[in-house]
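Per chain, numbering begins at 1; letters A, B, ... match sequence-line order. Values in this document were obtained by computation on a predicted structure and should not be read as measured data.
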Amino acid sequence: MRRVPAKLLLDHSSVVAPALLGKVLRVDLGEGDVRSGRITEVEAYGGLDDPASHSARGETPRNRPMFGAAGTVYVYFTYGMHWCANIVTGAVGDPQAVLLRAVEPIEGLDAIRAARPRARRDRDLANGPAKLCEALGIGQWANGVALGADVGGRSIRLLDDGTSPPAVPLVGPRVGISVAQEIPWRFRVPS
DNA sequence: TCTGCGATAATA
DNA sequence: ATTATCGCAGAC
């Protein structure tokens with residue numbers, strides 16, 4: 001299980017996004033609590049040219065991590081109660097990111113179930129951007145942190161276990177946006 | 001399975 | 001006012 005090379009993350013988000021399908025997201029929360037899942041759904045968000053992106057109107061305190069280096073994690077709080085996580089792509093100053101929308105749990109299933117008490121079926125554990133964060137324990141602590149970096153005993157890694165991205169991913173419009181709905185930047189592993 | 005709706009607070 | 005969401009209730 002090797003680390004995803006930084007080079008893969010350094011490109012336009014719409015190019016990186018489908019390449020992340022099948023990769024393994026592993027969160028180490030310390031004290032033996034390790035949770036991971038295979039990425040099955042993502043969305044690309046661009047910079048100033050993408051009106052649906054948090055970075056569309058320039059840099060603010062919230063979106064600052066998007067302007068950082070490729071491989072930075074951007075976590076935001078929304079709807080008054082949910083955390084969602086992105087992987088930043090592209091060069092410093094070019095605010096692009098891939099929203100992680102769904103994973104299928106691999107490691108730490110018991111901890112994941114405990115973190116998602118409202119999920120009645122296992123398929124509902126991490127099949128949404130906020131569910132994914134709650135399941136894997138991703139929160140504000142991860143905002144602005146580089147993949148692989150240690151944050152007080154916690155870390156997030158992106159790994160390749162040999163699974164290839166789907167040759168033909170399902171593609172469609174991004175979810176939950178009110179502008180730029182015609183841009184097909186949502187990518188899913190075919191079921 | 002699907003559709004509609006309320007929760008809840010940071011952001012601009 | 002809006003929001004890169006979720007889970008519940010009710011209809012079928």
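- Interatomic distance, CG of A/Leu147 versus CG of A/Leu9, reported as 6.5 Å (0.5 Å rounding).
- Of all nucleotides listed (B/dT8, C/dC8, C/dA4), C/dA4 comes nearest to the side chain of A/Ile177.
- The distance from atom CZ of A/Arg118 to atom C1' of B/dA7 is 11 Å, rounded to the nearest whole Å.
- Across all strands shown, A/Arg120 has no heavy atoms under 4.0 Å from either base or sugar-phosphate atoms.
- Considering only side-chain N and O atoms, A/Ser178 lies under 4.0 angstrom from the phosphate OP1 or OP2 of C/dT3.
- Nucleotide B/dT11 holds its P atom 13 Å from the OH atom of A/Tyr76, rounded to whole Å.
- Remark: P of C/dT5 and CG of A/Leu100 are 13 Å apart, rounded to the nearest angstrom.
- When the C1' atom of C/dT3 is taken as reference, atom CZ of A/Arg57 falls 11 Å away, rounded to whole Å.
- Note on A/Arg101: a side-chain N or O is less than 4.0 Å away from OP1 or OP2 of C/dT5.
- Nearest nucleotide to the A/Phe77 side chain, out of B/dA12, C/dC6, B/dA10: B/dA10.
- Between the C1' atom of B/dT11 and the CE atom of A/Met81 lies a distance of 15 Å, rounded to the nearest Å.
- Rounding to whole angstrom units, CZ of residue A/Arg121 and C1' of C/dC6 are separated by 14 Å.
- Between B/dA10 and A/Arg62, no contact under 4.0 Å exists linking OP1 or OP2 to a side-chain N or O.
- Distance A/Lys131 NZ to C/dA4 C1': 15 Å, rounded to the nearest Å.
- Atom OG of residue A/Ser36 and atom CG of residue A/Leu159 lie 8.0 Å apart, to the nearest 0.5 angstrom.
- The base-pairing partner of C/dC8, taking Watson-Crick or G-U wobble contacts with both distances under 3.5 Å, is B/dG4.
- The nucleotide whose nearest atom lies closest to any side-chain atom of A/Tyr79 is, among C/dA4, C/dT5, C/dG7, C/dT5.
- Here the straight-line distance linking atom CG of A/Leu25 with atom CD of A/Glu107 works out to 11.0 Å at 0.5 Å rounding.
- Between C/dG7, C/dA4, C/dC6, one nucleotide has an atom nearer to the side chain of A/His54 than all others, and that is C/dA4.
- Donor-acceptor pairing under 3.5 Å is lacking for the side chains of A/Arg38 and A/Thr40.
- Residue contacts for A/Asp124: at a heavy-atom cut-off of 4.0 Å it reaches no nucleic acid atom on any strand shown.
- For the side chain to side chain contact (heavy atoms under 4.5 Å, CB included) criterion with A/Phe187, the lone passing option out of A/Val42, A/Leu20, A/Leu170 is A/Val42.
- The side chain of A/Arg116 contributes no N or O atom lying less than 4.0 Å from OP1 or OP2 of C/dC6.
- Interatomic distance, CD1 of A/Ile156 versus CG of A/Asp150, reported as 12.0 Å (0.5 Å rounding).
- The phosphate of C/dA4 has neither OP1 nor OP2 within less than 4.0 Å of any side-chain N or O from A/Ser53.
- One interatomic measurement links the two molecules: CD of A/Glu134 to P of B/dA7, which rounds to 19 Å at whole-angstrom precision.
- Within 4.0 Å (heavy atoms only), A/Ala130 reaches sugar-phosphate atoms of the nucleic acid but no base atom.
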